[in-house]
2 protein chains.
Amino acid sequence: MRIYTFDTTLRDGTQGEAISFTVDDKLVIAQKLDELGIDYLEGGWPGSNRRDKEFFARARDLSLKHARLTAFGSTRFARNPVDRDPNVRALVEAGTPVIAVFGKTWDLHTSRALGISEEENLKLISETVRFLKDHGKEVIFDAEHFFDGYFSNQSFALRALEAARDAGADLLCLCDTNGGALTSKLAEAVAEVRRRFDLPLGIHAHNDSDLAVANTLAAVEQGVTHVQGTINGYGERCGNANLCSIIPNLELKMGHTTIGPEKLLGLASVARFVAELANLPLRSDQPYVGRSAFAHKGGVHVSAVLKEAATYEHVPPAVVGNRQRVLLSDLSGRGNILYKLKQHGIADRLSEDARRELLERIKHLEFSGYELEAAEGTFELLVREALRPGVHFFEVVGFEVSTKVDGNAPPRSVASVTLETPHGVHSATAQGHGPVHALDLCLRRCLSPLYPSITEVRLTDYKVRVLDSKMGSAAKVRVLIEWSDHRKSWATVGVSDNVVEASWLAMVDALRLELMRLTEQDQSVEKAVEDYCWGV
Amino acid sequence: MRIYTFDTTLRDGTQGEAISFTVDDKLVIAQKLDELGIDYLEGGWPGSNRRDKEFFARARDLSLKHARLTAFGSTRFARNPVDRDPNVRALVEAGTPVIAVFGKTWDLHTSRALGISEEENLKLISETVRFLKDHGKEVIFDAEHFFDGYFSNQSFALRALEAARDAGADLLCLCDTNGGALTSKLAEAVAEVRRRFDLPLGIHAHNDSDLAVANTLAAVEQGVTHVQGTINGYGERCGNANLCSIIPNLELKMGHTTIGPEKLLGLASVARFVAELANLPLRSDQPYVGRSAFAHKGGVHVSAVLKEAATYEHVPPAVVGNRQRVLLSDLSGRGNILYKLKQHGIADRLSEDARRELLERIKHLEFSGYELEAAEGTFELLVREALRPGVHFFEVVGFEVSTKVDGNAPPRSVASVTLETPHGVHSATAQGHGPVHALDLCLRRCLSPLYPSITEVRLTDYKVRVLDSKMGSAAKVRVLIEWSDHRKSWATVGVSDNVVEASWLAMVDALRLELMRLTEQDQSVEKAVEDYCWGV
């Protein structure tokens with residue numbers, strides 16, 4: 001059966017404690033989720049804050065191929081006529097084809113939180129739904145706290161659904177807002193609603209009892225055809241139902257159609273992308289999409305899985321864009337690297353000396369605090385330098401960067417850089433938004449006359465972490481920079497007790513690597529690196 | 001009904017990719033889980049590695065009050081007579097009152113992984129179980145891959161259970177080893193086993209489909225009385241069923257007895273303790289025990305939860321040793337902030353105007369990319385500035401910092417800072433390990449003659465994140481700095497497209513805050529802030 005996916009990462013997801021998306025983040029995520037084949041994208045609550053209002057204004061320029069953009073908001077306030085309720089007006093003004101409007105279905109809420117009668121509550125629901133329908137919207141009625149309401153006062157909860165239906169709602173979405181419902185009881189409640197209501201039903205589950213995915217699947221078994229959730233289960237408190245688990249369960253195990261098998265191949269990549277923008281590590285043990293989801297450590301498991309993957313894998317990892325990993329717990333650090341180099345035939349291309357020197361360099365870097373697993377660019381450069389001894393493209397003669405603030409004027413950062421190349425000495429000076437920007441501009445000015453294509457390399461992320469916090473502001477820092485040249489992306493790392501120098505080292509590595517790649521294709525190196533560092 | 005808890009954190013939990021416990025860690029955890037009231041503690045696989053063997057040797061000195069220590073291992077190898085199988089002998093020698101022995105119940109495994117006939121497999125099971133019973137052990141038969149086996153070849157799977165029962169096993173534990181089973185199908189299989197077998201049943205679920213907790217509860221609904229899992233769901237691949245979710249669900253929602261309501265009060269503390277020893281952050285969104293599990297961010301939620309906690313909390317957080325938290329952000333409306341300020345009697349001390357201005361400042365900062373939730377120092381400063389309008393201690397006249405590298409010489413960072421204080425203009429110049437260090441030294445040199453105790457404030461962590469990665473090296477960055485004065489620690493935040501300025505803003509906030517604190521004790525402010533940034 002066709003089950004419709006409704007993503008609320010951009011609305012309920014942002015209620016997660018650690019989640020904070022800029023409007024730009026939200027627009028990029030919307031685009032990505034559209035590509036994944038999500039049916040509905042809930043973008044925010046335009047009546048509640050500026051950021052969401054701005055999102056909808058700018059979302060008009062998005063060209064979504066498939067997803068229907070949805071604005072979220074509450075039924076009108078008790079004291080406002082519906083056409084003069086600012087929140088309802090903001091919903092209409094958001095300009096989306098779909099509106100998800102939530103109303104109360106739990107008597108505790110109307111009596112305690114709102115302090116209104118049931119009669120009034122039913123009026124809020126029906127007038128708001130009707131008003132939105134009159135404006136030509138597809139209206140999803142989110143029955144907030146439906147299950148708590150149903151178990152507390154069944155007829156009250158059902159009358160609220162009737163009010164929405166009678167006012168013309170297109171779909172009734174049953175919400176376990178507090179995430180407290182047990183699967184078997186929730187399934188009974190859904191079955192009863194299914195018996196009484198003839199329009200499409202949805203489910204919106206939270207994970208407070210660690211049951212959000214199970215509850216969503218149980219609702220589908222009872223006839224629900226619309227599932228709400230978020231990427232990586234982000235959301236308030238313990239999060240929302242995780243679409244990254246729900247979608248493959250529906251597709252691969254229950255015979256339903258959601259985004260389809262082809263788009264499913266992109267699932268792990270979307271999970272990582274959203275985590276990246278949320279600035280959170282993707283949980284490595286996350287079902288289906290985590291880095292450890294198909295990683296085998298125990299000896300018994302490893303030997304069996306190498307004979308027959310199905311012995312310890314519930315689905316083939318590739319169908320969700322993930323992959324099998326066999327952890328080499330006896331081969332760690334350098335051993336592991338050597339193993340990978342051998343596996344890709346690179347070790348044989350190195351002389352005994354070059355191999356030893358490479359391992360020494362790696363050992364030294366790891367000891368200084370480099371994490372090569374997270375910086376495939378720096379690792380790739382090391383391997384390529386071992387394969388092409390003496391090729392550096394440029395040496396750093398010196399650099400200087402200063403940042404100055406006078407009173408309330410914006411800060412000025414100015415840098416100058418001198419490099420020596422086989423074609424002579426090149427210097428450049430530039431002013432930038434900050435010291436990293438200024439140095440980056442200088443580097444490119446020195447190098448682009450010789451190597452024009454390095455202008456395509458772009459910094460996409462920049463992270464700094466203190467390594468030895470006992471040293472206070474004199475501590476050693478690790479700078480991790482991510483780069484992209486539109487073809488692929490990679491990270492480089494620099495470590496120093498000077499944050500500017502650490503950034504500089506990572507920048508120099510990135511540009512040297514790009515020059516290495518431009519002057520010599522070496523796919524076995526790229527594969528060995530990908531294999532070793534996958535998942536960063 | 002009494003449901004028995006079986007913890008395998010020390011065995012299956014250690015198969016998690018990131019998990020590595022020393023023997024000492026394992027002993028301390030065993031003690032802690034005994035105090036929590038866990039019924040069975042699976043300590044390891046004595047036949048598989050030295051560490052686990054050592055654990056059992058040293059565990060004899062533990063004085064467990066309640067838990068029964070359990071050793072884990074496989075049925076005998078096909079080529080060994082049972083009394084000369086090293087693995088089975090190691091099980092007996094572990095000296096535990098209970099043995100969990102696993103055997104194959106999936107025909108794929110006997111044919112592909114072991115390469116033996118069904119007849120032989122049944123002999124492995126019955127001989128091993130009987131041998132262990134003859135040694136006076138309580139024997140739990142772990143039916144490995146039971147559900148995959150049952151769905152693939154039902155009679156094969158059931159005959160394996162019969163062999164274990166007939167050999168005297170005390171309990172049959174049905175394992176979803178690959179974590180691939182759907183809840184409704186698993187429940188049907190359990191029901192069928194329940195109909196056919198008269199001895200106690202157990203369930204051992206993995207989380208590969210994000211259903212481990214639901215599957216465990218579904219099995220209990222079908223008559224299972226023994227639940228296996230791990231603290232925080234640690235375990236191979238996507239982890240095991242999480243006892244921190246299962247126990248409160250059984251106790252609080254299903255009317256069963258496990259560790260009892262009194263021990264349940266220690267659940268969140270045990271979860272943190274085990275995470276601490278695993279050297280992993282406790283997932284903040286973890287159900288029941290996570291730091292965010294009862295944290296409210298959305299404005300509607302906050303205002304309702306303040307009237308009646310049950311409106312957005314599925315259980316009272318205190319029953320599992322957790323607590324309610326109200327967060328600040330631009331999604332909050334006024335409820336969150338007013339809550340914090342009112343709770344500590346601060347709101348009454350602000351004029352209507354000051355209150356509105358504070359709210360506006362917070363909204364503006366959040367919109368610019370500040371994350372006040374993570375920066376309690378900056379938040380505390382905002383509140384204190386609202387309470388003491390015009391008190392700044394110093395104004396920044398200007399600063400400059402430059403970093404220079406010549407050839408292979410180490411980098412030099414030099415800064416100069418000019419501040420205006422009520423006691424005149426102060427300038428300082430300093431050289432540091434990096435620009436942040438140099439600026440920090442200058443700030444202290446300017447201020448310490450006036451306020452000697454600020455020398456006690458020390459930077460303990462420094463993090464930088466890019467906010468809008470599309471801007472490349474010109475992107476806006478957020479700098480988060482953690483500080484400590486040996487009495488307490490706090491964080492401040494700065495946002496700018498210049499990383500030096502962002503760092504500077506966070507440094508200035510930290511020192512201004514310290515000066516505020518030194519010149520005016522205001523415990524109600526500190527408490528309001530502490531409350532909201534409850535640290536784990």
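Just so it is clear, the values below take in all heavy atoms, side chains as well, and ignore hydrogens, waters and symmetry mates. Below, chain A is the first sequence line, B the second, and so on; all start at residue 1. Keep in mind it's a predicted model, so treat the numbers as computed, not measured.
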- Query: Hey, does the side chain of A/Asp208 reach the backbone of B/Tyr288 with a donor-acceptor pair shorter than 3.5 angstrom?
  - Reply: no
- Message: With a 4.5 angstrom heavy-atom cut-off, is it the side chain or the backbone of A/Trp45 that approaches chain B, or both, or neither?
- Response: side chain
- Query: Does the side chain of B/Glu221 reach to within under 4.5 Å of the side chain of A/Ser184, using non-hydrogen atoms?
  - Reply: yes
- Query: Most heavy-atom pairs under 4.5 angstrom with chain B, which of A/Ala293, A/Gly407, A/Ser245?
  - Reply: A/Ala293
- Item | Interface moiety of A/Glu54 toward chain B, non-hydrogen atoms closer than 4.5 Å | side chain
- Would you name the heavy atoms of A/Ala310 and B/Asn178 that are closest together and state the gap between them? O-ND2, 3.1 Å
- Task: Taking the side chain as every heavy atom from C-beta outward, state whether A/Tyr312 and B/Glu236 have any atom pair closer than 4.5 Å.
- Result: no
- Query: Between B/Val213 and chain A, which part of the residue has a heavy atom less than 4.5 Å away: side chain, backbone, both or neither?
  - Reply: both
- Are A/Glu17 and B/Arg325 ion-paired here, with the side-chain N under 4.0 Å from a carboxylate O? yes
- Task: Would you mind reporting whether B/Tyr462 and A/Val464 have side-chain heavy atoms less than 4.5 Å apart?
- Result: yes
- Message: Heavy-atom pairs under 4.5 Å with chain B - which of A/Asp12, A/Val23, A/Thr183, A/Leu182 has more of them than the others?
- Response: A/Leu182
- Task: For B/Asn207 and A/Pro287, work out which heavy atoms get closest and say how close.
- Result: O-CG, 3.2 Å
- Query: In terms of heavy-atom pairs under 4.5 Å with chain A, which of B/Glu482, B/Glu395, B/His206, B/Glu313 leads?
  - Reply: B/Glu313
- Are side-chain heavy atoms of B/Leu217 and A/Leu211 found at a separation under 4.5 Å? yes
- Message: Quick check for you: among A/Ala438, A/Ala502, A/Gly398, which has the greatest number of heavy-atom pairs under 4.5 Å with chain B?
- Response: A/Gly398
- Item | Heavy-atom proximity to chain A below 4.5 Å, by part of B/Asn242 | side chain
- Message: I need the A/Ser111 OG to B/Glu308 CD distance, nearest 0.5 Å.
- Response: 8.0 Å
- Query: Which bit of B/Trp106 comes within less than 4.5 Å of chain A, counting heavy atoms only: side chain, backbone, both or neither?
  - Reply: side chain
- Message: Please rank A/Gly180, A/Gly434, A/Ala187, A/Cys238 by heavy-atom pairs under 4.5 Å with chain B and give me the top one.
- Response: A/Cys238
- Pairs meeting criterion side chain to side chain donor-acceptor pair (under 3.5 Å) with involvement of residues 398-411 of chain B, two or more places apart: B/Thr403-B/Ser413
- Message: Minimum heavy-atom separation for B/Val500 and A/Pro435, please, with both atom names.
- Response: CG2-CG, 3.6 Å
- Query: Is there a donor-acceptor pair closer than 3.5 Å between any side-chain N or O of A/His109 and the backbone N or O of B/Thr311?
  - Reply: yes
- Shortest non-hydrogen separation from B/Pro411 to A/Glu501 and the atoms involved: CG-OE1, 3.4 Å
- Validation row: A/Gln15, B/His296 side chains within 4.5 angstrom (heavy atoms): no
- Message: Quick one, B/Arg237 and A/Asp285 - any side-chain contact, counting heavy atoms below 4.5 Å?
- Response: no
- Task: Just jot down the side-chain contact (heavy atoms from CB on, under 4.5 Å) partners of A/Ala241, sequence neighbours excluded, or say none.
- Result: A/Ala205, A/Ala212, A/Thr216, A/Ile246
- Query: Does the pair A/Lys463 and B/Val466 meet the rule for a side chain to side chain contact (heavy atoms under 4.5 Å, CB included), with working shown?
  - Reply: CA-CA 7 Å; A/Lys463 284 180 197 144; B/Val466 161; over 6 Å; no
- Item | Heavy-atom pairs under 4.5 Å with chain B, option from A/Val436, A/Val397, A/Val401, A/Thr418 with the top count | A/Val401
- Message: Between A/Lys253 and B/Ser209 (side chain of the first, backbone of the second, donor and acceptor by atom type, cut-off under 3.5 Å), is there such a pair?
- Response: no
- Message: Please tell me whether A/His433 and B/Asp497 have a donor and an acceptor in their side chains that are separated by less than 3.5 angstrom.
- Response: yes
